[in-house]
Each structure stands twice: as C-alpha cells, then as structure tokens.
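Below is one structure, written out as structure tokens; the observations come after it.
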Amino acid sequence: MLRSRPNRQQRPSESSDERQGFGGQRGGSTNNNYHYGGYPKGSSAGPMSISSGADDDDGNDYNKKKKGGIGGPSKFGFNLSSPVGGGKHNKFSGGGSTTPRKSAAYNNYSSSSSSSSGYSGALILIAITISMLLSGTTFYYRKMTTRAKSELISLKAQARHPHEHHHDPVNNENNRAHAQAVSELKKKLSELQGELSRATVRNKDMENELVKTNKIYERLEEEMKAYDLQYDQMARSWNDMVLQVKETRQKFIDNHTKNRDDQTGGIVPGGPGHTLNQQRELEQMESMEDYEDFVQRREDALWDKIDLLIEKIGRDSQRETLEWFGADLLQHGVPEDDISFRVDLEVEYPKFDPYRPDENPELWSRVKGTISIEMAPLKLMPIAVNLFLQQVHHKLWEGCNFVINAMHILQAGPHQYKGQGQYSPNAFPLKNKFEKSRLDKMPYQEYSELYPHTKYTVGYAGRPGGPDFYINKVDNSENHGPGGQTHHDLHEEADPCFGRVVAGFEVMDEINRIPVDREKGSLLVAPVTIVSGKEMLPKQTK
C-alpha cells in the first residue's frame, strides 16, 4: 500500500488555515460529501495514495472538529487521505490555495509528460476509477456513520426525556419496548431490593445467633476445661484410693494370716468369731471383690450384734424404770403400758416489772415457779425416760440453769451464772455430778417416729445426747428429727424426744420476757435457776 512521504515540506502556496477548505493542510476536497485528494490545475495526472493515517495529526484535529473529510482515523477501522493537495479544478477541485502545489514527485512527472502522453491518459483513467471507488466506499461509510450518529442522538434524547413521545414509528416501537424493559427491570430491581432487605435482616439475625452461639461455646469450653480438671483430680484420687485399698487389703490379710501356725496367736481356730474356714477364706482371696464381700459380711454381723445390744439395753432400762419408780403400781396389777411418769422442776427467775422495764433484769425481784413434764410412753423411749428420771432422782439438776432462750428452744444444762450475762459452761461442780454418777450421756441416739419433736416436747441436745435438755417452743420435727442435724457425723440420727410440758406455761411466758443477748447465741442476761426436781408418783393412764 502506498504511503505519502512523512517529511514532505509544505509548499508556499499551501495554507494551514482550515477555513480555506475541508482538505486543510492536506488539500482534501469535497463534492457532494465525497472526499478525495485533488490534483493541481492544468496537470493531467498526479500521484495518489491511501494512508493509514499514522502521520495525519492535522487530519485528526480536523475530524475532531467535524469540518468534513475523513483524513483522520475513522471508527470504521481505516483512514482515507490524500498526501498532496491540488489547486482549483472544475470537478476534482481542492479546497486549498490557488497556487498549484509543486512537490518533487510532481516536478519529475511534469518534465516527462510531453514525451509520454498516452501513458498519462491511462494513469488518469486509473486515477478516476480509483477515485470513484473510494468515493463510493466513503459515501457508504459516511452514511453508516450518519445513521449511527442519528441513533445515538435519539438514544441520548430518550435518556434525557424518557416521557417524550416521538413521531417516528420505529422509534416509538423501540421506546415502548424500551419502556417495557425499563418497567420490568424496575420491577425486578424492586423485588431484588426487597429480597436484599430480607436477606440483610436474616444475615443480621444469623450474626446475632452466631455471637450468642460463640458465647455459649466459650462458656461450654470453660466448663469443659473445669470438668476435665475435676476429672483429672477425681482420677488421681481414685487411683490413690485403689492403691490404698490394695494396701489395706494386704495388711488385713497379713494381720489375719501371719500367726496361722501359732495356736496362741490372734486367730484361734474354732474360737469365737474365728474358724478355720475363715482362715482358709482369707488365704484364698485373690480379688478386691472377695475382700469387699468379706468386709460386708463382717459389717452385717456387727450391726446384728448392735441391734441385739440396743434391744437388750431398752428392755433393761424399761425394767429398771419400773422397778425404781413404778413398783407399787406393778404390785397392784397395773399393766406396764398403762403407767406414765411425771417430773416437776422448780425454777427461780427474775419477774418482769412493768414499772421498771428498762432496769437491769438482775435487779428484778426473783420468784419461783414449776414446770411439769410428762414422760413419753416407756415402751417408746425407755432409755431416755429412765435417764432423765434417774438424773432428777439423784438431784443432779439442782443448781443448773436455763441459759439459752432462742426463738425455737429453751435450753438448760450444767452451766453456772457468773453475773452480767456471763456463764461458765459445763461448770466443774455441776458437770462432775453427772459424770461421777454416769448419768451424763445417752448410750445412743434413741428416737421414735411415734413421738416427734412437736411444740412443748422435751429432748436431749448433743451427740450423744445429754446432759443438756431443751423445751421445743415450736414444732421442730424436721429440724431435730432424723437427718435434721447435718453438722453431725451421723446426720441420719435424731435427738431423743422423751417428754412433754403439761403445766407451767405461765412460767415459760415470764422467762420469755427476760432480755437475751442475740450476739452470744440468745443467752439470757439474768439467771433462771433450777432449784429442785422431783419425780412424781406414777399414775395409771387408763
């Protein structure tokens, strides 16, 4: 493809002013929108080329200004330009200067035109043919360009005025299709926005749930760590216990078999509780289960013996009580179950003075009163009844004091008042009388569900019970019954309940008016002393 010389010098007659013609610096001409390069006037032929437009910077500026011509790069992919500009011509006229352009190629051609006129005519015919072809091609693409620009302007106008009606049926149809498409897109956009809003809410809820789940997971993880630590500690404790049990088992077997050949040793074949069979059994033990079974059978045998002892102590206490305090009625044929016993306790206490309520209770006048206690049926509580009757009979309660007046009990014991609300607990002169006579404690925690700790009943305090006793000011069946005293080792046991107040309630009311020191366990600030106690003659209940 031919290219114009890029370094061609501008002729003096050529003008760079765009106003002289649409060809501009290149001398391009126009004829009915057909743009092509012209020839100088009076010349029969001239060189013409098709350029790619790489060197036509001026043509680019021209096309950008829409002054006509296609010297610059075209959007259709190629560029048509004439490297030379011609002067005026009746048909192929250039828009440049009236002075013919004289390039080096033109001068060479003019010098040889006189000798080769036939060859020049052929060249002119070829040039005209090429010009016609180029003009047709330019017209086609010019038309396509114009149409594309028109459609572009129409689309821009529709974009700027979407509600404007056009008279072009094609455009109206396109507008209606466009409007329908826009409507559908808007509808779809609205639906998508709704879905997006709902999805956003769902995502927010899921994020909140995820945060809560993470917190729960962290808490569970901490608890799991704590459980793992606890499990490890329990496992170590279990292993230690297993080793300890094995050592105990071995010591047990060793202690029971080391003198098996010595007839004077700890195991005497055929002796009480020990037989040759037991000795052989110990020697044949091979597992922990055998050892546990052996210990369980021995424990059951011991509990059987304890039950027999309790039953025997109860029978002996009942017999002793009847012999000591009910022999006369028995001699007269009164049945044992129909006999009940009663004890009167004479107490001395400060009487409340309504005229001097703020005075020290120790300065109140002291009076005496009697509290009568009926003993529980002998067949239900034989040991506790016999113990309390023996304590009263041996005058062990004389000089003792009621010291605690709490909300639920009024408790007495071998405690000595020292003055100013102070006591000497378990004072030796008083406590020693109980211990010396061996009437200070219960042998075990006797209790009957048929005689619970209801209001105004009397029971022994402590483990084992005694010598302190108390009067229940409220129903303490649960608190002092089985399982109520959990701070004791055998918390399933209960306090013995062995009597009930049947007279002297006014004395208890007077004692309740004496101030107490709550900070010291509800201690009475003035002494309430047991002056004497007397067991009353038994009477027939039926």
Less than 3.5 Å apart, any donor N or O on the side chain of [X] or [Y] sitting next to an acceptor on the other?
X: Gln318; Y: Asn386; result: no
X: Asn472; Y: Thr457; result: yes
X: Tyr470; Y: His408; result: no
X: Asp300; Y: Gln296; result: yes
X: Asp344; Y: Thr370; result: no
X: Ser532; Y: Glu346; result: yes
X: Lys455; Y: Asn476; result: no
X: Thr454; Y: Asp475; result: no

How many angstroms lie between [atom1] in [X] and [atom2] in [Y], if you round to the nearest 0.5 Å?
X: Glu336; Y: Leu322; atom1: CD; atom2: CG; value: 5.0 Å
X: Ser437; Y: Gln390; atom1: OG; atom2: CD; value: 9.0 Å
X: Glu299; Y: Ile306; atom1: CD; atom2: CD1; value: 9.0 Å
X: Trp324; Y: Ser317; atom1: CH2; atom2: OG; value: 13.0 Å
X: Lys368; Y: Tyr349; atom1: NZ; atom2: OH; value: 12.0 Å
X: Gln230; Y: Ser237; atom1: CD; atom2: OG; value: 10.0 Å

Do [X] and [Y] touch side chain to side chain, with heavy atoms closer than 4.5 Å?
X: Phe498; Y: Met375; result: yes
X: Arg513; Y: Asp509; result: no
X: Pro350; Y: Ile514; result: yes
X: Arg463; Y: Gln445; result: yes
X: Leu396; Y: Leu439; result: yes
X: Ile383; Y: Tyr444; result: yes
X: Pro414; Y: Pro467; result: yes

Look only at the side chain of [X] and the backbone of [Y], and say whether a donor-acceptor pair between them is shorter than 3.5 Å.
X: Asn432; Y: Phe428; value: no
X: Asn401; Y: His415; value: yes
X: Tyr417; Y: Gln420; value: yes
X: Asp338; Y: Val334; value: no
X: Gln411; Y: Ile404; value: no
X: Lys418; Y: Ser424; value: no
X: Arg219; Y: Asn214; value: no
X: Thr529; Y: Val531; value: no

Does [atom1] in [X] sit with more than 12 non-hydrogen atoms of other residues, nucleotides or ligands closer than 6.0 Å?
X: Gln233; atom1: CD; answer: yes
X: Glu221; atom1: CD; answer: yes
X: Glu478; atom1: CD; answer: no

Q.
Walk me through whether Phe341 and Leu389 qualify under side chain to side chain contact (heavy atoms under 4.5 Å, CB included).
A. CA-CA 9 Å; Phe341 299 93; Leu389 290 175; 4.0 Å; yes

Note: [X]-[Y] ion pair, threshold 4.0 Å (strictly below):
X: Arg297; Y: Asp293; value: yes
X: Lys433; Y: Asp440; value: no
X: Asp232; Y: Arg236; value: no
X: Glu510; Y: Lys351; value: yes
X: Glu374; Y: Arg500; value: no
X: Glu222; Y: Lys225; value: no

Q: Give the minimum heavy-atom separation between Ala526 and Tyr423, together with the two atoms involved.
A: O-OH, 3.6 Å

Q) Any idea which heavy atoms bring Lys473 and Asn405 closest together, and the distance? A) NZ-OD1, 2.9 Å

Q.
Gln391 vs Trp397, test: side chain to side chain contact (heavy atoms under 4.5 Å, CB included). Steps then yes/no.
A. CA-CA 7 Å; Gln391 290 172 344; Trp397 287 110; 3.2 Å; yes

Q: Verify whether the ring centers belonging to Trp238 and Tyr231 lie closer than 6.0 Å.
A: no

Q | Whether His453 and Tyr447 hold their rings parallel, tilted or perpendicular, with breakpoints at 30° and 60° | A | parallel

Q: Test Cys497 against His480 for side chain to side chain contact (heavy atoms under 4.5 Å, CB included), laying out the working first.
A: CA-CA 9 Å; Cys497 186; His480 295 166; over 6 Å; no

Q | Step-by-step side chain to side chain contact (heavy atoms under 4.5 Å, CB included) determination, Leu524 to Val403 | A | CA-CA 6 Å; Leu524 290 163; Val403 294; 6.0 Å; no

